[in-house]
Amino acid sequence: MLNAKISLISKIKSKNSVIGIIGLGYVGLELAITIAKNKYQIYGFDKNLKKIEILKNGKSPINTINSKSIKFLNKNNLFHTNKINYILQCDIIIICLPTPLKKNNSPDVSYLNDCYNSISPYLRENQMIILESTVYPGATKELFEKKISKRFKIGKNFYICFSPERISPGKKLSYEYRQIPKIISGRTKECVNNVSVFYKRIFETVHTCKTIEIAEFTKLYENAFRAVNIAFVNQMKIICDKIGINISEVVRAASTKPFGFTPFNSGPGVGGHCIPIDPMFITHVAKKFKVNSNFIELARKVNLETTNWIIKKIKNKIKKGKSILILGVAYKKNIDDYRESPAIKIIDQLKKDYKVKFYDPFISKVSINLKDLYSIKKLLYKNLINFSAVVIVTDHDNIDYKKIIKYSKIIFDTRNILDSNLSKKIISC
Ligand code: SAJ
C-alpha cells in the first residue's frame with residue numbers, strides 16, 4: 001500500500017524508498033550496483049526485452065560489468081522489467097538514457113521524451129526524478145519540469161533534480177564508482193535536500209551546484225575539455241610528424257611538469273558517445289544564443305581530420321590491393337563499444353583500395369553502411385606475415401605487442417604505444 005503521508009526524506013533515511021532506474025546500460029547498471037550495495041529496493045527498467053532476459057539470467061549485457069555484479073543485483077532485490085507501470089511503486093526515478101546527436105549535429109532527446117510519455121501516467125505525489133543523462137543546459141526544465149509542474153508543486157510534493165553520470169567505461173580504476181564525486185542539483189532547496197540526503201548515502205563525496213543548469217553545463221564542460229585537448233595533441237602530432245619528432249616523447253617530457261599540465265595521448269581521432277557528442281550540445285546552446293563556440297567546432301574538425309591523416313599515411317606507404325589488418329575497432333581500449341570509433345571510418349575508406357580484415361578481442365562484428373564485417377576469430381600472430389600492414393587502432397591490453405612487432409611486416413601505430421626505435425617497421429602516426 002503506498003503511504004504518501006510518509007515524507008520522501010524519511011523514506012530515504014529509513015531506506016524504505018524504492019528506487020527506479022530507467023535505462024540499464026553502462027550508466028544505469030553501474031548505478032544500480034552501487035545503490036544496491038546500500039540495501040535499497042530497486043526496479044530496473046529497460047525497453048530491450050533481450051537485455052532484461054540476459055539480466056534475469058544473471059548475465060551481464062556489457063563487458064565492462066561482470067556477471068557476478070548482476071547476480072549480486074538479482075540477489076539484492078533488483079527487479080528488471082520493461083513494465084513501466086511499476087514506476088508507481090518508485091519514490092525515486094533515476095533516468096539514465098542515451099542522448100545522441102541527430103544527423104544535423106543537434107541533440108536528439110527523443111529517448112527522454114519517450115521516457116516522459118511512458119512514465120507520465122504513473123507519476124504521483126512524493127516522487128523525485130533525477131535526470132543523469134547528458135543534456136544541454138535547460139533540458140531538464142524543458143523535457144520534465146515544465147510538464148510535471150502542471151500537475152504537481154515542484155519542491156512541495158514532487159522533486160526535480162539533475163546529476164550527471166561520471167562513469168568511465170572500461171577503465172580499470174583504482175577506485176570504485178561510489179568514490180567518484182557526484183555532482184547534484186535541484187530546482188528548489190527541498191529538491192536539493194532530498195537528492196543530497198539520498199546520494200550522500202551512495203557516494204563518498206557530493207558536490208551541489210547552485211542550479212540545475214550549472215550542473216548540466218558542468219558535464220558538457222568536462223567532456224569538451226577532453227575533446228579540445230585531444231584535438232590539440234592530435235594537431236601537435238601532425239606537426240611533429242612533419243619535423244620528425246615523436247609527439248609521445250614530447251607529452252612524456254611535458255608530463256614531468258608537476259603543475260599546469262594535463263597529459264593527453266594522440267590517437268586515431270575520437271570515438272565514443274561522450275567526447276565526440278557532448279561538446280556539440282554546447283554548440284547547440286551557443287547557436288541558440290548567437291555566441292561563438294568555434295573552439296569546440298575546430299576541435300571536432302581536427303579530430304576528424306586526424307583520422308583522414310592516418311588513412312592518407314597508410315595509402316602513401318602501402319600499394320593498392322594489398323592486405324591490411326586493423327587491430328582493434330573499439331573506440332577505446334578494453335571495451336566492446338565501437339560507437340563513433342575512428343576504426344570504422346578507417347576500415348570504410350581503406351576497403352575501397354585494399355583487402356581489409358580486422359581483429360578485436362571484444363567485438364566480433366561491426367556494421368559499416370549496413371554491411372556486416374566479422375572479426376578474425378583468433379589472432380594467430382604467425383599469420384600476421386600474410387598482411388602487408390597491421391594498423392593498431394585500439395590498444396587493447398590483451399594483445400601481445402611483442403609478437404605483433406615480431407610477425408608483422410609494417411605496423412602503423414596510431415596509439416603510439418610501441419617504441420618506434422625498436423624497429424623500422426613501426427610507423428608512429
Ligand atoms: N582519446 C585520445 N586521447 C586521450 C584520451 C582519449 O585519443 O588522451 C580518445 C579515446 O581513444 C576515445 C575518445 O578519445 O576514442 C574518448 O575517450 P575518453 O577517454 O574520453 O573515454 P569516453 O568517451 O568513454 O569518456 C568517458 C567520459 N565519462 C563521462 O562522460 C562520465 C569522460 O568524461 C571520462 O573522462 C572518460 O570516460 C575517461 O576518463 O575514461
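We count ligands from 1, going down the list as the structure has it; atoms in each ligand are counted the same way.
Counting heavy atoms under 4.0 Å from ligand 1, residue Ile167 touches it through the backbone alone. Residue contacts with ligand 1, taken as heavy atom pairs separated by less than 4.0 Å, do not involve Arg339 at all. By the criterion of a heavy-atom distance under 4.0 Å, both the backbone and the side chain of Glu165 are placed next to ligand 1.
Here the straight-line distance linking atom OG1 of Thr283 with atom CD of Glu297 works out to 4.0 Å at 0.5 Å rounding.
Closest heavy-atom approach to atom 13 (C) of ligand 1 within the set Gly271, Gly272, Gly269: this belongs to Gly271. Closest heavy-atom approach to atom 19 (O) of ligand 1 within the set Lys332, Lys237, Arg226: this belongs to Arg226. Summarising the contacts of atom 32 (C) of ligand 1 with Ile335, Asn223, Asn265, the nearest heavy atom is found in Asn223. Looking at Phe225, Tyr331, Tyr338 and measuring to atom 24 (O) of ligand 1, the nearest heavy atom belongs to Tyr331. Of the listed options Asn303, Ile180, Thr64, Ile230, Ile230 places a heavy atom closest to atom 6 (C) of ligand 1. For atom 30 (O) of ligand 1, the candidate residues are Glu222, Arg415, Lys219; the nearest heavy-atom contact is made by Lys219.
For ligand 1 and Phe264, the ligand atoms under 4.0 Å from any heavy atom of the residue are 8 (O). Every atom of ligand 1 is numbered from 1 in the order shown, and the set under 4.0 Å from a heavy atom of Cys274 is 23 (O), 30 (O). If you number the atoms of ligand 1 from 1 as listed, the ones under 4.0 Å from a heavy atom of Arg166 come out as 31 (C). Less than 4.0 angstrom separates some heavy atom of Ile275 from each of these atoms of ligand 1: 16 (C), 20 (O), 23 (O).
In the displayed structure, Lys71 atom NZ is contacted under 6.0 Å by more than 12 heavy atoms of other residues, nucleotides or ligands. Under a cut-off of 6.0 angstrom, the local environment of CD1 in Ile243 is crowded, with over 12 non-hydrogen atoms contributed by other residues, nucleotides or ligands.
A salt bridge is defined here as a Lys NZ or Arg NE, NH1 or NH2 lying under 4.0 Å from an Asp or Glu carboxylate O, and Lys313 with Asp241 meets this definition. Note on Asp400 versus Lys402: no salt bridge recorded, every NZ/NE/NH1/NH2 to OD/OE distance being 4.0 Å or above. A salt bridge links Lys182 with Glu132: at least one charged nitrogen is closer than 4.0 Å to a carboxylate oxygen. A salt bridge does not link Lys147 with Glu142: every distance from a Lys NZ or Arg NE/NH1/NH2 to an Asp or Glu carboxylate oxygen is 4.0 Å or more. By the 4.0 Å N-to-carboxylate-O rule, Glu165 lies close enough to Lys219 to be salt-bridged with it.
Between the His80 side chain and the Ile52 main chain, no donor and acceptor come within less than 3.5 Å of each other.
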